Amino acid sequence: MPEGSNTTRPGRWAGWWVLAAIAVAVLAARIGGPSDLDLKDQPKTVSYTADVVANGRWIWPRDVMGTPTYKPPLYNWLSVPGVLLLGWDEWVLKLPSILAGLATAVVCVCMARWMAQQTRSAECRMPNVECDPASPVVANRRLHLPLVICHSLIPGIIAGVVWLANGAVYRLIYVARPDMLVGFFVVLSWALGTVLLSESQEKWARRQWAMAIGLWVSVGCAALTKGTPALLVLIYLLLAAWWRNGSWRALKHAGIVWGLPLALAMFAVWLVPAWVTIPPGWGQTLAEVEGGRIVKGGVVGWLLTTYQMPWYFLLRFLPWSRLFFVGVVVVIKQGWRKHPLTPAILWVVLVLAFFSIPVLKRDDYLLPAYAGAAVLVGWLIQEAVKRWPGAGKWLPGATVAVALIFLAVSVANDFWWKPQTKDRMGDRVKEFAQVIRQETAGSRRIVFVKTGYHPLQALLGMNQGTIEPTPAQLAQAQWVVMPLPLGGDGAAAVAISKPLPRVIDKKDPAALGLYRVPKTGE
């Protein structure tokens with residue numbers, strides 16, 4: 001055992017503790033901060049989950065306005081166990097995003113470490129280069145613990161820190177939308193596909209079979225989460241195989257012959273029943289909506305918006321987007337064609353190009369690019385320490401410090417500067433949902449009249465599915481929730497909310513009242 005090897009284990013654990021502490025800080029700030037559950041189409045997503053549980057619509061769940069889903073509902077399927085076991089709290093409804101964000105951090109750590117090992121192997125194959133398996137940084141038993149901690153952060157933990165401590169991930173890791181979930185699946189597919197394409201053995205080992213199965217199951221899950229992003233992985237595999245090997249024969253190392261049918265079969269689990277049971281006229285609506293995302297504005301509209309995704313990447317991924325481009329320059333100078341970090345660069349460029357195709361663009365789509373960039377940044381910090389050994393005493397720690405500073409800015413923005421911090425609309429909806437639970441003793445016989453587009457019904461575990469209750473629902477109702485203008489001055493209300501967002505067909509905020517339905521003879 002090399003001298004000083006007993007110092008490496010505390011170093012590794014210290015690095016993981018740093019990453020865990022940042023993850024806890026991110027989640028504590030988001031969960032403890034102002035609620036945003038009423039924003040960014042989250043009422044739609046949580047309504048789908050409520051519809052699955054309350055009404056059994058697993059294939060075409062509907063929102064509170066009665067509109068069927070536009071996307072495959074894997075996010076909502078994965079939400080069901082959480083709400084059944086833990087209840088209809090906001091953090092439970094967002095649990096798939098939370099777990100996906102944390103899992104993506106682990107993928108970034110593993111991928112950065114793997115690519116660093118590939119770099120070291122490539123260097124060892126160069127002439128006149130000696131490779132000592134014992135790292136010189138940890139070979140000295142007298143090194144101070146901070147230096148050991150810093151060494152353990154290179155490059156994997158740095159990549160995980162970069163992924164977690166930026167404004168985009170900080171926001172989307174606690175959002176009830178499928179963006180983080182589909183981001184995890186495509187990032188995992190990218191990582192597994194990259195490793196498999198580097199394999200040269202003709203006969204697969206058990207490890208390769210496991211990775212290949214994981215790759216194609218992830219592709220299938222990406223398709224079940226949001227559909228088209230799964231194509232991103234297939235395009236990457238084609239480009240990477242040709243780029244690295246000059247032919248597509250390397251695709252056999254990714255198991256594409258049997259893996260692609262497996263992913264398609266998984267997607268068919270939803271697609272076939274959806275095709276058979278599609279609501280009348282909804283196929284044309286879907287085509288118009290999804291087609292409009294691509295062709296709206298025509299060629300001119302597309303040309304005028306192509307800058308947006310690169311700009312979003314530069315702005316939303318500060319300060320790491322700048323370091324990413326520094327890393328690209330370093331890779332090019334070291335021989336980019338066969339460089340172990342080229343797949344990370346190719347992945348980021350491909351994500352930017354792929355999501356620049358639709359005319360309607362959202363910065364949320366770029367989550368997979370942030371993962372690839374985080375891996376490159378982690379490697380870049382390691383390269384700096386290798387070239388300037390003195391930097392090992394301060395550079396990794398300084399990188400973590402910068403991450404914490406930007407994380408603090410995101411937290412401050414969340415707690416003091418965002419609009420929802422001032423109006424607290426999301427918190428008001430949660431408070432009124434709690435009041436309704438208490439007053440009705442958890443009754444399910446509640447109807448909602450023009451209550452609007454917000455997550456109140458989902459927080460109660462309900463989805464009426466229409467703006468107005470049906471005669472059958474009214475006949476069984478014990479309670480009614482409706483805006484005060486429809487319920488008089490509120491004198492008869494059991495409880496009255498503060499003004500809530502988008503009440504009465506998405507109009508200005510208005511108060512809702514909870515009314516008891518009179519029994520026969522009263």
Side-chain angles (χ1 to χ4, degrees), residues 45 48 59-60 69-79 96-97 99-101 103-104 107-108 111 172 177-197 211-242 248 251-275 286-287 289-291 293-294 309 343-344 346-358 360-362 364-372:
T45 304
Y48 295 153
I59 305 301
W60 288 108
T69 179
Y70 287 91
K71 305 293 183 187
L74 182 61
Y75 182 98
N76 308 105
W77 295 350
L78 296 178
S79 299
S97 290
L99 297 178
T104 305
V107 175
C108 289
M111 201 59 185
L172 291 172
R177 283 180 51 83
D179 301 290
M180 185 62 74
L181 186 64
V182 73
F184 162 69
F185 286 129
V186 296
V187 168
L188 179 60
S189 301
W190 161 70
L192 294 173
T194 300
V195 175
L196 286 168
L197 288 177
M211 287 192 297
I213 293 172
L215 163 63
W216 295 107
V217 168
S218 296
V219 173
C221 288
L224 285 171
T225 304
K226 216 170 180 181
T228 53
L231 296 175
L232 184 63
V233 180
L234 301 180
I235 297 171
Y236 168 77
L237 291 174
L238 290 171
L239 292 177
W242 182 267
W248 287 313
L251 289 174
K252 65 181 180 181
H253 298 302
I256 193 170
V257 174
W258 56 266
L260 183 57
L262 172 62
L264 292 174
M266 291 179 60
F267 187 51
V269 169
W270 173 78
L271 183 62
V272 173
W275 185 274
L286 280 174
V289 171
E290 296 301 321
R293 294 176 183 270
I294 299 177
M309 299 312 265
L346 176 62
W347 176 251
V348 173
V349 173
L350 179 59
V351 173
L352 292 175
F354 184 85
F355 289 113
S356 292
I357 295 174
L360 298 178
K361 299 174 174 64
R362 295 174 57 122
D364 302 349
Y365 299 159
L366 292 181
L367 278 171
Y370 301 150

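Please read all numbers here as calculations on a predicted model, not as lab measurements.
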Looking at side-chain heavy atoms only, is the closest gap between [X] and [Y] below 4.5 Å?
X: C221; Y: L74; answer: yes
X: I213; Y: W258; answer: yes
X: W216; Y: I256; answer: yes
X: P72; Y: F267; answer: yes
X: R177; Y: K226; answer: yes
X: V257; Y: K252; answer: no

How long is the span from the [atom1] atom in [X] to the [atom2] atom in [Y], to the nearest 0.5 Å?
X: L346; Y: T194; atom1: CG; atom2: OG1; answer: 8.5 Å
X: L237; Y: L196; atom1: CG; atom2: CG; answer: 9.0 Å
X: D179; Y: F184; atom1: CG; atom2: CZ; answer: 15.5 Å

Inset, instruction - Apply the ring pair (Phe, Tyr, Trp, His ring centres under 6.0 Å) test between W60 and each candidate in W270, Y48, W275; give the one that qualifies. - result: W270
Inset, instruction - Tell me yes or no: between the side chains of S189 and Y236, is some donor less than 3.5 Å from an acceptor? - result: no
Legend entry - Partners meeting side-chain contact (heavy atoms from CB on, under 4.5 Å) with S97 (sequence neighbours left out): Y75, M180
Inset, instruction - If the plane angle is over 60° it's perpendicular, under 30° parallel, otherwise tilted; pick one for W347 and W190. - result: parallel
